[in-house]
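All remarks here apply to the structure that follows.
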Amino acid sequence: MQRSTLACAQRAVHILVGAALMYTALHIFGDGDRRDAVAILSRMDLADLRVVVEHTHTAPDGSLPLSPELSPGSQQEKPLPASSSVQSREPESPVCVARGRGLDTSEVAFGILTSDRFVATRLLSQQQTWLKQVRDVVFYSESYIATLPTVGLSPPLGEELVGSGAWKNFPALMDLYRRFPSHKWVYFSDDDTFVYVRNLLSRLGHYDHDKDFYLGLYWTPRVDMEWKEVHIAYASGGAGYALSRALLSRMSTTMRTCHKNYRRWAGDVRVGKCVLDLGVQITPEVGFHHEPHDKYTWDMSGGGFPYLHLSNRASAGITAPVSFHHLTVDQMHMYYRMQMADERGPRGELFRYDFAPQLFKEFMAFSPTLGYSFRVLFGVSVEVAHADHRASPPQWRRDFGDPLYLRRAVDPNGGAQQPLRFHMVIAKVPEIFHGDGCSAVVDDPFRLPLRKAAVIAVQCAPCKRLDAPADEPPGYNRICDAWKEDECTLKILLSLSCPARQVVHAPALDVGSTRNGHDLVFRGQATACAEPSRLLRPYEHADPSRPAILHISLKHGDLSLDEIKFYTSPAWCTASIVHGDLSARGTLLRHAAGGREIAVACTCLQHRLPRWPQPGQAHPRAAVRANVTVAIRPTGFTAAVFSYLQSCAVEPTRKDSSSLSPVAASESI
């Protein structure tokens with residue numbers, strides 16, 4: 001007995017030390033720019049840690065019996081009908097994404113001005129693209145929109161017809177201030193604005209949210225709706241502006257007065273004036289754009305730096321773009337698909353490479369072999385000139401201006417350790433070149449149906465610049481080579497310092513043991529990832545006569561679930577969804593429909609318990625305590641995997657096992 005106690009104590013020390021090391025690693029290796037910000041909590045760690053904590057209550061059969069001090073649960077919620085689930089003996093592991101050192105999306109609240117007439121167009125496009133990376137967003141309209149987290153606003157008297165809802169800004173900002181009291185920043189924009197979320201977080205991260213900051217695209221004074229010149233500098237509302245928590249706190253005491261006094265002006269002008277009344281001026285930022293990218297002339301010289309003037313020149317040479325405005329639905333989707341390269345991991349994880357920091361950067365080189373100069377505007381176009389760009393500025397011809405896709409290029413015969421490469425494909429513009437069809441043998445299925453296109457092969461390693469002097473060393477951010485691969489393909493080899501691989505969870509997804517709770521899953525991953533202490537105090541459902549009610553909710557948007565799986569320990573217990581028409585596959589969650597409930601029942605085989613009674617007799621032990629691991633797989637995201645404890649009802653003895661000994665019964669399962 002003493003030897004067994006000593007062995008368990010040693011095991012407990014080893015596991016607790018391992019948990020501490022895991023927690024430390026999650027924070028030390030949180031630099032998303034240099035490392036994979038991923039830590040896998042092993043199945044053994046999760047199960048063994050709980051066994052150690054409950055060692056004094058472990059039953060002789062190895063299960064987790066109910067603690068005597070726990071009373072039966074009192075959950076009274078009526079479960080939604082649900083279907084069968086998939087049972088497996090091999091549990092999945094939760095994939096924890098370590099928190100990076102920079103600003104996180106959970107620290108920024110987003111407000112969007114809209115109208116119900118744009119639900120099926122602009123708003124749907126935002127939800128299908130950049131808003132998938134956002135957790136906290138509120139839409140502000142003249143009326144409540146049932147399918148969105150909307151706040152319906154009413155215009156003040158006399159402004160019913162003014163400026164497409166210019167009066168909405170102050171009521172919306174006051175609501176954001178009250179709704180998200182702990183968020184560091186508020187970002188406000190229109191429903192036809194696209195935001196590169198990673199780039200926005202990077203820019204805001206350079207400023208202290210505890211100081212007064214009003215960031216955005218510097219906008220010049222202009223004639224207002226009363227035909228009077230407004231002599232103030234303000235941030236363009238269409239490009240989006242950001243307010244720090246400190247400044248918003250100060251504005252909370254003056255916004256009502258501003259809303260009353262500043263009327264018949266554009267909404268962003270009103271906000272600028274209210275900020276100026278507090279003695280705060282706009283901090284101009286690079287990267288915020290009031291128009292789509294094709295309204296600007298792009299270069300690498302830093303043109304368009306928005307201090308005290310406006311310009312039709314823009315550049316990603318100083319910083320990557322943060323936003324574009326006045327966009328069509330197609331443009332929003334184009335920006336998003338040329339930004340992200342996704343792939344699935346061995347356990348179904350969704351890995352993502354976010355190229356937002358590299359977008360719109362300019363790369364030029366001259367090919368002596370082909371006799372052409374090439375200018376790549378990363379993500380959107382490839383231009384060609386029949387001259388050496390180094391001798392004099394050439395007349396560029398925008399041959400390739402129809403961006404198709406960006407993806408990870410994987411050689412099926414290359415093995416597991418093949419170098420990291422990506423393919424960006426930009427097709428010829430058919431309306432300019434009278435068609436873009438061609439005929440060639442291409443082994444890339446993503447190119448079908450075949451079009452004339454430039455394939456930018458991105459390698460994540462340094463190279464010699466195509467037109468570099470012989471003594472120039474290899475480096476990044478340059479064109480390495482260019483050649484005509486076939487009659488349909490111009491191939492350009494480009495060297496980049498590629499983004500780190502990220503694990504993508506559904507940021508709007510929560511799961512809790514109570515309605516609208518998130519003690520089990522928070523922002524699409526196990527809450528224990530953010531709070532490792534939950535490994536030592538998991539949620540427990542202690543009433544075997546009732547199913548455990550798990551509440552699934554979305555902060556905004558829609559989310560399709562591919563499947564829901566359950567795993568139990570001990571393995572001779574089974575967890576499943578009961579009362580069922582909730583499909584384990586193809587379930588669509590809608591924020592507008594409210595939270596969903598799944599009722600999970602757990603049963604254990606009586607003949608696996610030691611010293612069971614004769615068939616037909618009740619076992620003196622009415623419940624078995626089991627560890628239940630749940631894997632919820634959303635479409636387009638990594639599975640949310642979490643565990644909790646549940647007391648399981650004991651099934652009656654089966655006739656076909658009544659004559660077996662406990663050992664034989666164990667071996668038969």
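When reading the values below, keep in mind they use all heavy atoms of this one structure, side chains included, and skip hydrogens, waters and symmetry mates.
For Ser244 (side chain) and Lys211 (main-chain N/O), a donor-acceptor pair under 3.5 Å exists by modelled atom type. The backbone N or O of Thr114 lies less than 3.5 Å from no partner atom in the side chain of Asp190, so there is not a single donor-acceptor pair. The main-chain N or O of Gly595 is never found under 3.5 Å from a side-chain atom of Ser553 such that the two would form a donor-acceptor pair. For Asn199 (side chain) and Ala356 (main-chain N/O), a donor-acceptor pair under 3.5 Å exists by modelled atom type. No donor-acceptor distance shorter than 3.5 angstrom exists from the side chain of His423 to the backbone of Val425, with no hydrogens or angles considered. Remark: the backbone N or O of Ser560 is paired with a side-chain donor or acceptor of Thr635 at under 3.5 angstrom.
A ring-centre distance under 6.0 Å is found for Tyr335 and His293. Taking the six-membered ring for Trp and the full ring otherwise, Phe422 and Phe355 have centroids separated by under 6.0 Å. You'll find the ring centres of Phe324 and Phe360 inside the 6.0 Å limit.
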Assess whether side chain to side chain contact (heavy atoms under 4.5 Å, CB included) is satisfied between Val134 and Val137, documenting all intermediate values. CA-CA 7 Å; Val134 168; Val137 58; 4.2 Å; yes

Step-by-step side chain to side chain contact (heavy atoms under 4.5 Å, CB included) determination, Leu645 to Asn627: CA-CA 5 Å; Leu645 299 176; Asn627 183 80; 3.8 Å; yes

Pair Arg245, Asp210 - check salt bridge (charged side-chain N to carboxylate O under 4.0 Å, His left out), show working. CA-CA 6 Å; Arg245 167 55 53 179; Asp210 287 326; over 6 Å; no

Are Arg523 and Asp104 close enough, and set up right, to give a salt bridge (charged side-chain N to carboxylate O under 4.0 Å, His left out), and what steps lead you there? CA-CA 12 Å; Arg523 298 175 58 204; Asp104 190 79; 2.8 Å; yes

Go through the steps to decide whether Asp562 and Arg633 satisfy the test salt bridge (charged side-chain N to carboxylate O under 4.0 Å, His left out), and finish with yes or no. CA-CA 5 Å; Asp562 289 340; Arg633 291 186 176 275; over 6 Å; no

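Between Thr193 and Leu327, the shortest heavy-atom distance links the atoms C-CD1, 4.4 Å.
In this structure, the side chains of Phe188 and Tyr140 come closer than 4.5 Å at one or more pairs of heavy atoms. Within the 4.5 Å cutoff, the side chain of Tyr187 has no heavy atoms near those of the Leu176 side chain.
Geometrically, Arg407 does not engage Tyr405 in a cation-pi contact defined by less than 6.0 Å to the ring centre and at most 45° from the axis. For the pair Arg501 and Phe351, the cation sits on the ring face: its NZ or CZ lies under 6.0 Å from the ring centre, inside 45° of the axis.
In this structure, the separation between CD1 on Ile632 and CG on Leu561 is 6.5 Å, given to the nearest 0.5 Å.
Between Glu343 and Arg352, no side-chain nitrogen of the basic residue sits less than 4.0 Å from a carboxylate oxygen of the acidic one, so the salt-bridge criterion is not met. Salt bridge status for Asp510 with Arg135: present, with a side-chain N to carboxylate O gap under 4.0 Å. The pair Arg447-Asp444 does not count as a salt bridge, with every side-chain nitrogen at least 4.0 angstrom from each carboxylate oxygen.
In this model, Cys602 has its SG atom within less than 2.5 Å of the SG atom of Cys648.
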